[in-house]
Every structure is written in C-alpha cells, then in structure tokens.
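Since the structure comes first, as structure tokens, the remarks are kept for the end.
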Amino acid sequence: MKKGIIFGIGIIGLIFIQSAIAQNSCRKVHNFCTNALPDEEQSKSWSFDNQSKSATFEKGKVYEMSFIAYKDFVYRIATCTDITEGADKINFEVFHNELVRKPMKDGSRLIKEKISIYNNNSDNMNSFYKFRVEKSEKIYVKVNIPQGGDSATKQYKDSEFVCVGVLLQHRKASKTGF
Amino acid sequence: MKNKFLVKGGIFLFSSILIISCGPSEIDVDVEDPVGDTTEVIQNIDNDLPSIEYSVPTPNELFEIIKEEGGELKIELINPLENEENYIDLKSKALNFGVYSADLGYMSCFDNSIEFLKYTKVVERLGDELGISEVFDEELMERIENNEGDNDSLFIISNDTYYDSYQYLEENEKGTELALIISGGFIESLYIVSNLVDSYSENTGIVDKIGDQKLVLENILDFCMTYMEDPSVSEIMDDLFSLSEVFEKNMEFVEGESEIKTDGDVVTLSGGGYFKMTEKAFNAVKEKVTEIRTKITQK
C-alpha cells in the first residue's frame, strides 16, 4: 500500500515537472517575431513556414540555423528573443551557398562557399529581410544574441540563457516580379 | 557498408566545421563531393564556429507545391494500414510514423479524406509508443471529426500534427526518434513525388522539385549527424548517404555566376552554379528511393 502511494506521488510529480518544463520552454517563441515588424509589414499576408525555429541560447553567443528556400517563393525572415528590455534591435545576418569551381594543384574542384547576402547592421537594424530565389537554395541565418537583458521566460529568468526565435514566412512569387 | 558510412560521415562532419579566411569577409567553405578531380583540400578549422540547427520543409509543404505543379493523387502509392502490425521495434515505429504522416499530408492535400481518420489513428498509436501521445489529445481528434470531409482543414490539421510532434520531440530531447521520423517522412514524400512522374521530361516543375530534394537531404543528414551514435540512426543514414550519392553522381553541374538584384523591397538571388536534374538522375533517384522505401515499410 505504502509503496503504491509513493509510486503514485512519484508519477504525479513527474507529470507536474514535465508540464512545468513544457510551459516554460522556448516553444514557438518565433511566433512573437511579428511583434517587432513595422505596421505596414504586419498587415501583409504571408504563410507560416514550418522551418521556423525557436531555441534556448546563451547570451552573447551566435545562434545559427539553416533552411531550404524553394524556387519561385518569396521569403520573409524575422528574428526575435524573449529579452524583456533593450533587445528590440537584434543583429542578424543571412548567408547562402555558392558553388564555384576552383583550380587546384592537379585539376579543379567544386567548392561550396558560404557568402553573406544581408546584414541588418548596414540596414538600420531592420527587423526583417525579404528575398526570393530563382533556384532552390540552402540559406543560413545567424543571430547575435544580446549580451544583456533578462529572459521573459520563467525558467530562464536571472540565468545566462534566453529564448531566440527565427520566424520564416513565405508566399508564392508572381511571375512578373514585384 | 560501415566503412562507407564512416568515410561519408566524416566528410559531412568535416565539411560542416571548415572555415577559411578569404579577403576582408569571412567565408565558410564546404567541399562538395568531387565532380571532377579528387584533390585534397587543406583548410583552417575555427573552433568557435557555432553549431547549426537544421530545418527541413515538411512533407505537406512539398505536396502543396507539387499540387500546383500538376501533381495528382495516386492512392496506391501510400503505405497500407495493414503494414502497421509489422512495426514492432522503435526504429521501424519512428520511421513509419514519418511515412504515415507524409501519407496523411498527401491524402489531405489531394482531397482524399476517406482514410484520413484511420491513418491518424495509426499515427496516434505509433506516436503513443514513441512517447508523443500529448500531441494526439482529445482536442485534435475532435478537430478531425468536426472537419470530416473538409480537405483544406484536414490538410492544416495533418501539417499541425507533424509540426507539433516535431516540436515536442525536439523539446523533450528525443533526437533519435525525431531523426528517424524526419527520415521516414522524407523518403515517403520523395517516393510518392517520384512515382507521380511516369517518364522524365526536362524542366517540368515536378522533376525540378525532385532535384531540389538533394538540398533537403543535405539538411536531414546534417541534422541526423548529431544522433549518429545511435545504431538505428546510423543505419538509416547509410541509406540516406547512398541516396545522396545517387543525386550527386547523376545530376549535371551547371556553371554560373550568381547575382543579387533588388526589386522594390525584395532581394532576388539568381544565377550561380547548381545541380540540374537529368533523365539519368531522375531514373536513378526514383529507383533508389523506391528501394529504401520498400526496406522501411516492408519490414
């Protein structure tokens, strides 16, 4: 009987801990990235892209993710963190791969180079970036997590960790351009 | 086979941590499998390089595009429900969770909701055994029942279910299961899409999209690399590497200079070297993916 009660308490405890973790995790933080978008961007219609990511990450570090951008689609990238104050301007950079043939000692070889195509440092720390690709490509997004500030997520309050989100949205590109 | 896996795995792992300095801007360099020569490349390794999180489009996103390109429903391509009883170990349960989830996406995308609930029940049962029963709560089942016959809603539901399962596994550090589910979903969707085309025809939307799956496969392999110590993950990676090799060996590399143009507030990336589908590549990929899919589903 006593064993049964202890086992029951243990199970309830486990369920409680699991649900507390789930509630406090960084799940779907990327959904809040639209908050930092200017009004004219918020009103536009975009489809949510399932490649969006949210993660727990250390302050002051660089978070990087990669996704596949399909040909003939326009993408909008927006980044955000759950830092409560002073983190509305987050630096992010976007890269793509270029395949180039480079001469080597005894012939040539295909080299994949990761080239920066956008850095919001040189765009007044804009909160989003819109692009389309004429052939499907692998894209990388690097987010510089701010050094200061505090996470709004209970679990990471007063810690060195915050939540970071990369929201990806897409829409079909029109054949005639924009 | 194991050696092949280790060598290929080594290339991928190595390629993901390579970096060289070139002029004023930092450029990461990743060595493709040789198209011409097999010259060894010497690089500097930067230990401060952040680890990368890899995302891949869901099967639903691929089917949506394929539908726009004129794809159709061939119900005989989906995995029969009866096969469920053969999936008794974690590896086959997780792989086929991905397979059946992709089937759900395919059916709902192409307006067939007849078997939707039955397939969801299979996915739910497999999900239960993988520890993701939370995703299949009463609310989800009610949503499905309330939207019976409404294919648009069922398509959204199947996408949400796949995405929520993905998120749940990621949060709960069930990376092995996640790697297997993603692999199963990818193989099933590529199998279906490849078999929608009877014979190769140049520059058709569906054939192009099959070629694009080479990039998706790269991200899946990079993702799986984190969990490669698990034998079930390393086994499926062997299959995925062999599929990757089929893409690389048979696709044609087209040289080109890349260009960045701005049109209004949208930047367009164009040009650049790329791998193009050929008849040989199409047939080889179709054959290979059918072989892997059979191995996964006919356990």
Side-chain angles (χ1 to χ4, degrees), chain A residues 18 21-22 25-28 49-55 61-74 95-101 104-118 129-140 142 166 168 170 172-173 177-178, chain B residues 15 19 22 25-41 48-58 60-61 65 68 134 159 162-163 166-168 171-172 208-209 211-212 215-216 218-219 222 253 255 258 260 263-275:
Chain A
Q18 260 202 328
I21 287 171
S25 72
C26 293
R27 188 173 202 179
K28 296 185 182 176
D49 194 297
N50 287 305
Q51 296 180 89
S52 302
K53 279 266 179 200
S54 291
K61 300 275 182 183
V62 180
Y63 170 77
E64 184 170 4
M65 62 87 72
S66 163
F67 70 99
I68 307 300
Y70 277 129
K71 175 189 169 184
D72 294 333
F73 278 83
V74 185
F95 298 79
H96 80 145
N97 280 333
E98 280 186 18
L99 278 173
V100 285
R101 194 178 290 283
M104 296 288 168
K105 261 190 225 163
D106 48 353
S108 68
R109 217 176 151 169
L110 274 185
I111 305 286
K112 200 187 279 178
E113 293 183 345
K114 204 158 130 192
I115 307 286
S116 175
I117 52 172
Y118 177 77
Y129 176 63
K130 290 193 284 191
F131 73 98
R132 72 178 281 195
V133 287
E134 288 192 346
K135 57 179 171 54
S136 300
E137 293 208 34
K138 188 192 271 207
I139 303 291
Y140 300 85
K142 274 187 187 177
V166 176
L168 304 172
H170 64 246
K172 189 88 177 133
F178 298 88
Chain B
S15 70
I19 187 165
C22 182
S25 62
E26 182 187 76
I27 301 172
D28 292 354
V29 171
D30 194 351
V31 183
E32 272 290 292
D33 256 0
V35 166
D37 302 333
T38 55
T39 323
E40 194 183 334
V41 179
D48 294 329
L49 198 73
S51 61
I52 304 173
E53 289 207 2
Y54 293 92
S55 282
V56 286
T58 59
N60 286 46
E61 282 169 328
I65 295 171
E68 284 186 16
E134 270 194 31
N159 194 53
Y162 188 88
Y163 186 68
Y166 184 107
Q167 293 271 315
Y168 185 84
E171 274 169 25
N172 291 281
D208 279 353
K209 283 293 166 290
D212 290 345
L215 295 171
V216 177
E218 278 178 23
N219 267 19
D222 281 325
F253 183 68
E255 310 260 357
S258 68
I260 298 178
D263 188 358
D265 61 347
V266 177
V267 170
T268 300
L269 310 176
S270 61
Y274 70 102
F275 283 93

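Each chain gets a letter, A, B and so on, in the order the sequences are listed, and its residues count up from 1.
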pair [X]-[Y]: side-chain heavy atoms closer than 4.5 Å:
X: Glu218(B); Y: Ile68(A); result: no
X: Lys28(A); Y: Tyr163(B); result: yes
X: Phe253(B); Y: Leu99(A); result: yes
X: Tyr70(A); Y: Val216(B); result: yes

field: Greatest number of heavy atom pairs closer than 4.5 Å to chain A - which of Pro57(B), Gly211(B), Gly271(B)
entry: Pro57(B)
At what distance, to the nearest 0.5 angstrom, does [atom1] of [X] lie from [atom2] of [Y]?
X: Ser51(B); Y: Lys61(A); atom1: OG; atom2: NZ; value: 10.5 Å
X: Lys130(A); Y: Thr268(B); atom1: NZ; atom2: OG1; value: 12.0 Å
X: Ser258(B); Y: Glu137(A); atom1: OG; atom2: CD; value: 8.0 Å
X: Asn219(B); Y: Gln51(A); atom1: CG; atom2: CD; value: 7.5 Å

query: Side chain, backbone, both or neither: which part of Tyr129(A) has an atom under 4.5 Å from a heavy atom of chain B?
result: side chain
With only heavy atoms counted, which part of [X] is less than 4.5 Å from chain A, the side chain, the backbone, both or neither?
X: Tyr166(B); result: side chain
X: Asn60(B); result: neither
X: Ile260(B); result: side chain

Kindly give the heavy-atom pair with the smallest separation between [X] and [Y], and that separation in Å.
X: Leu215(B); Y: Ser136(A); answer: CD1-O, 3.3 Å
X: Gly272(B); Y: Lys135(A); answer: O-CE, 3.5 Å
X: Asp222(B); Y: Lys138(A); answer: OD2-NZ, 3.5 Å

- request: Apply side-chain contact (heavy atoms from CB on, under 4.5 Å) to the pair Tyr162(B) and Asn50(A), showing each step before the final yes or no.
  value: CA-CA 10 Å; Tyr162(B) 188 88; Asn50(A) 287 305; over 6 Å; no
- prompt: Charged N to carboxylate O below 4.0 Å: is that the case for Asp208(B) and Lys71(A)?
  reply: yes
- prompt: Passes side-chain contact (heavy atoms from CB on, under 4.5 Å), Leu269(B) versus Ile117(A)? Steps please.
  reply: CA-CA 9 Å; Leu269(B) 310 176; Ile117(A) 52 172; 3.7 Å; yes
